[in-house]
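These notes concern the structure reproduced below.
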Amino acid sequence: MLCAGTSGYSYAEWVDAGVYPPGTHAAGMLPAYARMFKATELNYTWYQMPKARSLERMATQVPEGFKFSVKLTRTMTHEVDKAEWIREVLMFRQGISPLETTGCLLCILIQLPPYFTRTPERRFYLAALLDELSGLPVAVEFRHPSWVHDKVFYEFERRAVTLVTVDAPDLPSLFPRLDIVTNPQLFYLRLHGRNSQGWRSGNMQKQFDYNYSETELKALAETISNTLGPAADTGAVFFNNHVRGQAPNNCRRLMNMLNAHP
């Protein structure tokens, strides 16, 4: 099974870009999105703790089989309080529980910051965080290359944790693109675009302003069909190049290629 979509769906500019019908308001974007794709990443949960009532309502707005990948809140990844983070995990688990009970949960996405380097203290914290999230499907996205290590991949395999394959600019300071599947239940491909110049601009509109070419999408389709797909039961593919509706357009083109692939 392949779950493909975009990182977030509530973008006002997507109305102007023709992704959503004219006059679509924020409240109507999820149902409109769910008519096009089978899954989405919830980005807002990085900024604020998810609430069960809100996610229960969202689950009623999508068709059967639709999946949500939920980004772990920043208080457990970027702004960690050593005295509070375990309580934060419990709150997060309670908040996403409606997605579990309705079968809408694809996985929890742990996106770690660029300064989260592979030190003993951070290794211990990540292991403890994964322990607290035990029983949930989890995918981890690194942003620092120090985590490229066989011991990391082995531990993920042991825990059945998914290493996120990151498609981003080829910069030495970033975690590289690795087409490695550490969890036979799920592979996870996040496509941020390859805008090297805009990546460090501090401006999200510039950072994620990228339109994948036909050649690049064909290469991605080959990787999914020949490398990632055969290694896992379920696949997640999410485009994060949301500027001007490029993400949904790129996702549709990629899915057409995969559907046409023998």
Side-chain angles (χ1 to χ4, degrees), residues 1-5 7 38-42 45-46 67-72 76-78 89 92-93 96 99-100 105-192 219-240 254 258:
M1 183 175 72
L2 186 63
C3 300
S7 301
K38 295 180 180 179
T40 190
E41 282 183 352
L42 292 183
T45 57
W46 184 83
K67 301 291 183 181
F68 293 93
S69 171
V70 188
K71 192 180 288 188
L72 195 67
M76 291 163 277
T77 57
H78 291 62
V89 174
F92 185 89
R93 293 189 71 136
I96 66 164
L99 298 184
E100 286 186 89
L105 181 67
L106 177 63
C107 73
I108 307 305
L109 173 63
I110 302 176
Q111 180 190 306
L112 295 166
Y115 52 81
F116 193 88
T117 53
R118 188 173 173 265
T119 64
E121 181 182 9
R122 285 173 175 147
R123 283 163 49 201
F124 176 81
Y125 174 72
L126 180 56
L129 179 61
L130 293 174
D131 286 342
E132 293 298 322
L133 291 169
S134 179
L136 293 171
V138 174
V140 178
E141 177 181 354
F142 294 111
R143 290 282 175 94
H144 193 276
S146 60
W147 292 93
V148 181
H149 200 290
D150 284 343
K151 288 183 178 179
V152 176
F153 308 147
Y154 172 77
E155 183 63 12
F156 277 20
E157 288 176 1
R158 189 184 72 81
R159 290 175 175 263
V161 168
T162 297
L163 174 71
V164 174
T165 298
V166 186
D167 192 87
D170 186 14
L171 299 171
S173 58
L174 286 179
F175 192 84
R177 162 83 179 272
L178 297 176
D179 299 328
I180 297 173
V181 177
T182 57
N183 178 6
Q185 294 175 314
L186 178 71
F187 80 78
Y188 201 117
L189 173 60
R190 288 195 93 206
L191 299 125
H192 297 298
L220 289 166
E222 289 292 327
T223 298
I224 292 167
S225 296
N226 300 329
T227 304
L228 300 175
D233 296 333
T234 301
V237 178
F238 292 108
F239 283 84
N240 195 26
L254 177 64
L258 288 170

Do you know the tightest heavy-atom contact between [X] and [Y]?
{"X": "Ser134", "Y": "Arg93", "result": "O-NH1, 3.0 Å"}
{"X": "Ser7", "Y": "Asn240", "result": "CB-OD1, 3.2 Å"}
{"X": "Tyr188", "Y": "Ala139", "result": "CD1-CB, 3.8 Å"}
{"X": "Thr117", "Y": "Arg122", "result": "OG1-NH1, 2.8 Å"}
{"X": "Pro169", "Y": "Leu174", "result": "O-CD1, 3.5 Å"}
{"X": "Thr234", "Y": "Cys3", "result": "CG2-SG, 4.3 Å"}

(Q) Set out, in order, the CA-CA distance, both residues' side-chain angles and the distance that settles side chain to side chain contact (heavy atoms under 4.5 Å, CB included) for Leu136 and Leu105, then state yes or no. (A) CA-CA 9 Å; Leu136 293 171; Leu105 181 67; 4.1 Å; yes
Rounded distance [0.5 Å steps], [atom1] in [X] versus [atom2] in [Y]:
{"X": "Arg158", "Y": "Thr182", "atom1": "CZ", "atom2": "OG1", "answer": "12.5 Å"}
{"X": "Leu99", "Y": "Leu42", "atom1": "CG", "atom2": "CG", "answer": "7.0 Å"}
{"X": "Leu126", "Y": "Leu112", "atom1": "CG", "atom2": "CG", "answer": "6.0 Å"}
{"X": "Leu106", "Y": "Met1", "atom1": "CG", "atom2": "CE", "answer": "7.0 Å"}

For the residue pair [X] and [Y], establish whether any side-chain heavy-atom pair is separated by less than 4.5 Å.
{"X": "Phe92", "Y": "Leu72", "value": "yes"}
{"X": "Ser225", "Y": "Leu258", "value": "yes"}
{"X": "Leu130", "Y": "Ile110", "value": "yes"}
{"X": "Phe187", "Y": "Ile224", "value": "yes"}
{"X": "Leu254", "Y": "Phe239", "value": "yes"}
{"X": "Cys107", "Y": "Thr162", "value": "no"}

May I ask you to decide if Ala160's main-chain N or O and Asn183's side chain share a donor-acceptor pair within less than 3.5 Å?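 Side chain of Asn183 to backbone of Ala160, a donor-acceptor pair under 3.5 Å: yes, one is there.
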**Prompt:** Of all residues at least two apart in sequence or in a different chain, which pass the side chain to side chain contact (heavy atoms under 4.5 Å, CB included) check with Thr223?
**Reply:**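 If we apply the side chain to side chain contact (heavy atoms under 4.5 Å, CB included) test to Thr223, skipping adjacent residues, the hits are Arg177, Asp179, Thr227, Leu228.
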Quiz item: Going through the distances and angles, do Thr40 and Phe68 end up as a side chain to side chain contact (heavy atoms under 4.5 Å, CB included)?
Solution: CA-CA 5 Å; Thr40 190; Phe68 293 93; 3.7 Å; yes
Going by the angle between their ring planes, with limits at 30° and 60°, are Phe116 and Trp147 parallel, tilted or perpendicular?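 Ring orientation of Phe116 relative to Trp147: parallel.
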*Under the criterion side chain to side chain contact (heavy atoms under 4.5 Å, CB included), which of His78, His144, Arg143 is the partner of Tyr115?*
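Passing option: His78.
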Fill in: Residue pairs, two or more places apart or on separate chains, that pass ring-ring contact (aromatic ring centres under 6.0 Å, His included) and touch residues 149-173
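Those involving residues 149-173 are Phe142-Phe156.
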Requested in this report: Would you list the pairs meeting salt bridge (Lys or Arg N to Asp or Glu O under 4.0 Å) in which at least one residue belongs to residues 123-134, sequence neighbours left out?
Outcome: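 Only Asp131-Arg159 qualify under salt bridge (Lys or Arg N to Asp or Glu O under 4.0 Å).
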Item checked: From Gln111, Lys71, Arg190, residue fulfilling side-chain hydrogen bond (donor to acceptor under 3.5 Å, both in side chains) relative to Glu41 ->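 Option passing the side-chain hydrogen bond (donor to acceptor under 3.5 Å, both in side chains) with Glu41: Arg190.
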